[in-house]
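Everything on this sheet refers to the single structure shown next.
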2 protein chains.
Amino acid sequence: MALVHTILTLLCDHPASGYDISKQFEESVACYWKASQQQIYRELGKMEGKGWVAFELVPQAGKPDKKIYAITETGHQELLRWYQEPTEPTPIREDLLVKVLGGAYLPNPILIQELQRRRQTHLEQMLRYQEREAQYQSNPHPSLQDRYRYLTLRRGIRYEQDWIHWCDEVLVLLKQPDGGVQGYNALGG
Amino acid sequence: MALVHTILTLLCDHPASGYDISKQFEESVACYWKASQQQIYRELGKMEGKGWVAFELVPQAGKPDKKIYAITETGHQELLRWYQEPTEPTPIREDLLVKVLGGAYLPNPILIQELQRRRQTHLEQMLRYQEREAQYQSNPHPSLQDRYRYLTLRRGIRYEQDWIHWCDEVLVLLKQPDGGVQGYNALGG
DNA sequence: ACCATATACTCAACTTATTGAGTATGTCAA
DNA sequence: TTGACATACTCAATAAGTTGAGTATATGGT
């Protein structure tokens with residue numbers, strides 16, 4: 001499971017609390033790894049048990065104590081081991097495609113609406129990513145870490161663009177009265 | 001969870017055994033929904049409990065009896081209900097991107113090798129999909145179901161192409177001695 | 001004063017997915 | 001004849017992910 005290894009990779013850059021890591025997931029990792037705060041806290045606990053990370057308690061005024069985690073030597077070893085393992089593509093599970101598969105059994109306007117909504121979602125996500133891209137490109141001397149992070153951002157941008165293009169392709173066919181894909185037969189009424 | 005609804009959608013076309021459904025997943029659904037045989041059997045059991053499918057036992061010589069499942073009226077209702085629910089994009093979890101993120105901490109040749117391997121994997125998958133595309137296009141009168149299935153295939157083809165393009169983009173940068181992304185510092189040795 | 005949002009972490013129940021074994025047999029090729 | 005692969009299904013353990021609540025306080029806006 002790569003969640004552990006994603007966390008370890010982030011900790012290579014600098015020590016961080018579970019909360020910090022969760023923030024990093026939201027703002028830059030989300031385009032290729034999604035994890036909830038709960039998951040991150042749970043994994044950090046397990047990783048600490050294995051000696052891959054160690055934490056320092058930082059007392060805070062008013063708030064619960066911070067646990068600042070750092071990667072250990074054992075953690076580095078585990079990470080390097082994992083980096084050298086071959087990686088397989090992640091199996092995909094995409095609800096929208098199931099709806100397209102069932103296109104013959106659902107009202108056409110609903111499918112079109114769904115595709116338009118999705119196109120919009122991906123467009124917005126792409127614009128957010130492109131802002132980050134512009135930010136990166138405005139920095140004349142990005143760090144090595146930033147340069148690699150940028151490559152993952154490129155993946156995110158392409159992914160969103162690709163969805164938009166596919167949605168457009170399908171919408172053209174669905175809206176075509178002839179020759180395209182038509183013929184919804186209402187089920188059970 | 002869309003596994004149930006994917007199975008229901010497949011059963012709309014014609015009744016099938018768990019084994020048949022599993023085959024269909026492998027040969028045409030895999031590009032957007034991956035499920036193991038065990039999962040399919042388990043879900044069919046639960047779906048039967050809810051009255052969404054019903055099976056007929058077909059005795060076989062030598063082999064275990066086949067359970068031929070068909071979608072029920074209740075199943076159709078459930079499917080239509082689900083079709084009308086809005087769909088959110090699936091969160092992505094992609095190991096390879098985690099490795100790219102950690103590019104500064106892993107030996108460059110390993111990362112390059114992984115990317116080349118992945119490019120190859122996606123190329124092969126794309127070629128398989130394109131065969132199916134050619135097959136579809138050679139049929140002058142595809143069924144409505146086939147036409148929708150083709151739209152999902154288009155998603156698969158685009159997805160693979162997009163991966164190939166990204167791999168190429170990244171490989172160019174990684175192989176560039178200057179100006180690109182270099183500078184692996186060996187960890188712990 | 002009140003509400004939303006942010007910080008920072010914990011616990012528990014639940015669903016979903018993975019892995020591996022087990023039961024039984026038929027076909028095809030080396 | 002041995003082994004690989006296909007048919008056809010079941011059971012069980014574990015891993016991973018989701019959902020929701022709970023503890024505590026600070027800040028900023030209406």
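Since this is a predicted model, take the numbers as computed values, not measurements. All chains are named by letter (A, B, ...) in the order of the sequence lines, taking the proteins before the strands, and each is independently numbered beginning at 1.
dT7(D) atom P lies 19 Å from atom NZ of K67(B), rounded to whole Å. We find that CG of L44(A) is positioned 15 Å from P of dA16(D), with the value rounded to whole Å. Counting to the nearest Å, the C1' atom of dG20(C) and the CD atom of Q39(B) are 15 Å from each other. Separating the CD atom of E27(A) from the P atom of dA6(C) is a distance of 12 Å, rounded to the nearest angstrom. Between L57(B) atom CG and dC9(D) atom P there is a gap of 9 Å when expressed in whole angstrom units. Remark: P of dA6(D) and CD of Q37(B) are 12 Å apart, rounded to the nearest angstrom. Put simply, CD1 on I21(B) is 15 Å from C1' on dT7(D), counting in whole angstrom units. Separating the CD atom of E26(A) from the P atom of dT7(C) is a distance of 9 Å, rounded to the nearest angstrom.
Using modelled atom types, one side-chain atom of Q39(B) and one backbone atom of S36(B) make a donor-acceptor pair closer than 3.5 Å.
By the 6.0 Å contact criterion, CD on E169(B) is enclosed, its count of non-hydrogen atoms from other residues, nucleotides or ligands being greater than 12.
Judged by atom type and distance alone, R42(A) does not reach the base of dT10(C) through any side-chain donor-acceptor pair under 3.5 Å.
Figure legend: K67(B) and F55(B) shown as a cation-pi pair, the cationic atom lying under 6.0 angstrom from the six-membered ring centre and within 45 degrees of its axis.
Residue Y41(A) places no side-chain N or O under 4.0 Å from the OP1 or OP2 atom of dT10(C). A close approach under 4.0 Å does not occur between any side-chain nitrogen or oxygen of Y19(B) and OP1 or OP2 of dC9(D).
Backbone-only engagement by S17(B) is indicated by non-hydrogen atom pairs under 4.0 Å involving sugar-phosphate atoms exclusively. Using a 4.0 Å heavy-atom cutoff across all strands shown, K23(A) reaches sugar-phosphate atoms only and no base atom.
You'll find that the side chain of Q38(B) is closest to dC11(D), out of dC9(D), dC11(D), dT19(D).
Under the 4.5 Å side-chain heavy-atom criterion for grouping Ile, Leu, Val, Met, Phe, Trp and Tyr, Y150(A) is not connected to L115(B) through any hydrophobic cluster. Linking ILVMFWY side-chain heavy atoms closer than 4.5 Å, directly or via other members, places V170(A) and I164(A) in two distinct hydrophobic clusters.
Closest-nucleotide positions on DNA chain D for P91(B) and Y69(B) were compared, and the one nearer the 5' end corresponds to Y69(B).
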